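One structure below.
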Amino acid sequence: MASVELKDVRKSYGSTEAVKGVSIAIPDKELCVLVGPSGCGKSTLLRMIAGLEEITAGEVRFDGQVVNAIGPTERDIAMVFQNYALYPHMNVFDNMAYGLRNRGTPKDEIKRRVDEAAKRLELSHLLDRTPRQLSGGQRQRVAMGRAIVREPKVFLFDEPLSNLDAKLRGQMRVEIKSLQRALGVTSVYVTHDQLEAMTLADILVVMNGGLVEQAGRPLDIYEKPASTFVASFIGAPPMNLLKLSDLSVTAPAGAETLGFRPEDAVIASATSGLRLEARIEAVEPVGAESFLHGTTPGGRVILRAPGRSQVEVGERVAVNVPADKLHFFDAQGKRVEGQGVSVQI
Amino acid sequence: MTPRVVFPNKLLPYLLVAPQLAITLIFFYWPASQALQQSLQREDPFGLKSQFVGLANFRKVLADPNYINALQVTVIFSVATAFVAMAVALLLAVQADKVVRGKGFYRTLMIWPYAVAPAIAGMLWLFLFSPSIGTFAVLMRNLGIAWDPLLNGNQAMALVVAAASWKQISYNFLFFVAGLQAIPKSLIEAAAIDGARETKRFWTIVFPLLAPTTFFLLVINTTYAFFDTFGIIHAVTGGGPGKATETLVYKVYNDGFVNLVLGDSAAQSVILMVIVIALTAVQFRYVERKVHYG
Ligand SMILES: Nc1ncnc2c1ncn2[C@@H]1O[C@H](COP(=O)(O)OP(=O)(O)O)[C@@H](O)[C@H]1O
Ligand SMILES: [Mg+2]
């Protein structure tokens with residue numbers, strides 16, 4: 001167990017910079033999720049924390065101690081790989097015991113720990129099988145088991161659920177969270193799935209192009225995205241972003257873009273807040289709610305309506321967003337604080 | 001499962017395998033049956049007529065102390081050659097895997113020796129190590145080693161083993177490099193995180209996962225050492241000194257083509273054939289069981 005700190009960490013491959021100066025502080029026992037689109041440098045950053053990738057510049061500290069020069073073997077971390085990286089020639093027991101054996105753990109201690117982990121992950125009946133004889137979900141659990149038997153300082157996960165089907169992914173997400181809570185091991189979790197990120201994270205770090213766009217508590221980020229990138233990356237469907245120049249709105253100085261979450265819009269005319277007229281182009285009923293796709297003078301929007309929507313395709317509806325649910329961004333896409341209201345039809 | 005191809009024409013499938021069958025028949029079964037027939041006959045000194053003698057040739061060959069010597073020489077030579085050729089190739093492949101810059105160039109260089117004909121490879125080694133003119137022979141003598149493969153049987157054996165291995169290293173290297181590349185990098189990384197240092201990682205992860213390659217090469221290399229090394233031995237030592245490097249194949253040649261005892265030679269060929277079939281069968285039956293195909 002340890003706190004993890006990154007200080008202006010950089011990584012270059014030749015002339016291309018994959019990570020361009022990232023600073024994050026993860027307190028002990030917390031789960032930090034790195035989220036961002038593919039190629040933004042998440043894996044590279046994680047691998048630098050693991051010691052698998054040399055750190056071009058900056059510092060990685062565990063409990064205040066710089067670990068830059070310490071290799072993966074001595075760094076006392078455990079990692080779950082996207083493809084699980086199970087040893088194909090060893091059975092489940094040996095896969096989990098390998099790390100303990102390498103560290104000279106006594107035999108009965110190994111057995112006790114592996115059995116305990118296997119029980120926790122419901123793998124007890126599979127200990128004799130080789131990875132090839134397991135389903136994807138079971139392999140994933142073995143990879144988890146291999147990480148937890150070690151009782152390391154830090155857990156690292158690189159998209160551990162991306163090879164599972166949607167249902168299993170949801171299950172494992174909950175399980176990973178409760179496991180991490182129970183063991184109280186500081187963790188760094190990489191994913192490109194914003195739902196996974198939101199639900200798992202104690203600290204959420206949104207990355208883009210090798211840089212941190214925003215870091216903080218997931219709901220804080222959801223409620224106050226620092227940029228249009230974060231606004232459109234976190235939340236599904238994403239925040240609606242409209243060009244202010246096409247709307248007559250009183251906006252804070254410098255604001256160029258207006259944003260609101262699909263669920264914050266109400267289909268009704270009101271006397272305050274933002275009022276828009278939208279022409280509905282498509283209706284997606286998903287059961288508990290419906291998504292309405294529409295066009296407004298400022299651009300396309302998605303609206304969330306509870307239950308089954310009565311709105312028909314082609315209909316024009318009045319949309320209202322309360323003033324305190326509006327977000328503003330400047331020309332660079334950075335958040336602009338302040339509220340605005342509008343009267344617009 | 002891949003769908004089965006169905007040929008509308010009944011004759012076509014036979015026609016398609018015919019060339020392969022013809023080659024196998026003409027170049028393997030025909031000579032093999034000739035050897036089998038000849039091994040049961042004795043030819044008169046002028047080669048005018050032959051006489052059926054049953055298993056007499058075999059009895060004679062197996063009772064010959066020279067034959068037992070050749071058998072021993074072959075075992076030592078084959079085991080040593082296969083081991084050296086594979087071990088050195090594996091070492092080089094593992095090192096080549098670590099090379100970052102100039103990887104392709106390095107590999108290409110490594111593969112060249114395979115293009116050298118066996119007899120020429122033998123001559124190269126002979127020149128390098130010939131007691132009178134060889135560069136390395138001089139070096140070794142300067143180091144105080146009494147180097148003379150023309151008189152010392154063990155040194156002669158070492159020389160043919162070295163020459164025969166050298167020839168095969170390129171081939172093995174190629175397969176080991178491919179085998180190493182097929183091992184996912186994340187496995188090695190997982191092992192590193194699991195606390196295994198490089199040597200440990202090699203023996204517990206890399207080597208077991210290379211087993212299919214190693215097994216394949218074991219079969220190929222023993223067969224090579226048994227059969228394909230005639231040219232090298234012929235060029236380097238000619239089976240000598242004494243009969244210190246006379247392998248079974250070399251003896252077949254010596255008895256058949258030099259001494260013209262065709263019946264003995266044929267019997268030896270048949271025995272050789274049986275040995276190789278048995279060897280390969282044993283390798284597949286017992287060694288392959290320990291091989292894990294990923
Ligand atoms: N070994 C490498 N050599 C060169 N470029 C690399 C290497 N590994 C990653 N990159 C580059 O670094 C960037 C970040 O990659 P990565 O960390 O894998 O992204 P992510 O995990 O967020 O999808 C990508 O542009 C990728 O092409
Ligand atoms: Mg990645």
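Note on naming: letters A, B, ... go to the chains in the order of the sequence lines (proteins, then strands), and numbering restarts at 1 for each one. Source: prediction; values computed, not measured.
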If you tally heavy-atom pairs under 4.5 Å between each of A:Gly51, A:Pro152, A:Gly99 and chain B, the highest tally belongs to A:Gly99

For the CZ atom on B:Phe216, are there more than 12 heavy atoms of other groups (residues, nucleotides or ligands in this structure) within a distance under 6.0 Å?
yes

Using non-hydrogen atoms and a limit below 4.5 Å, what part of residues 65-85 of chain A faces chain B?
A:Pro72, A:Thr73, A:Glu74, A:Ile77, A:Ala78, A:Met79, A:Phe81, A:Asn83, A:Ala85

Take atom CD of B:Glu198 as the centre, draw a 6.0 Å sphere, and report whether it contains more than 12 heavy atoms from other residues, nucleotides or ligands.
no

How long is the straight-line distance from CE of A:Met96 back to CG of B:Asp194, given to the nearest 0.5 Å?
12.0 Å

If you compare all heavy atoms of B:Ile193 against all heavy atoms of A:Arg150, which two are closest, and at what distance to 0.1 Å?
O-NH1, 3.3 Å

Which atoms of A:Leu156 are under 4.5 Å from chain B, going by heavy atoms: the side chain, the backbone, both sets, or neither?
neither

Residues from residues 4-35 of chain A approaching chain B under 4.5 Å (heavy atoms)
none

Within the supplied structure, the quantity of interest is the number of heavy atoms (other residues, nucleotides, ligands) at a distance under 6.0 Å from B:Gln20 CD; does it exceed 12?
no

Quick one: which residues of residues 100-128 of chain A reach chain B at under 4.5 angstrom, heavy atoms only?
A:Asn102, A:Arg103

Do any N or O atoms from the side chain of A:Tyr87 and from the backbone of B:Thr204 form a donor-acceptor pair under 3.5 angstrom?
no

So which bits of residues 220-231 of chain B come within less than 4.5 Å of chain A, counting non-hydrogen atoms only?
none

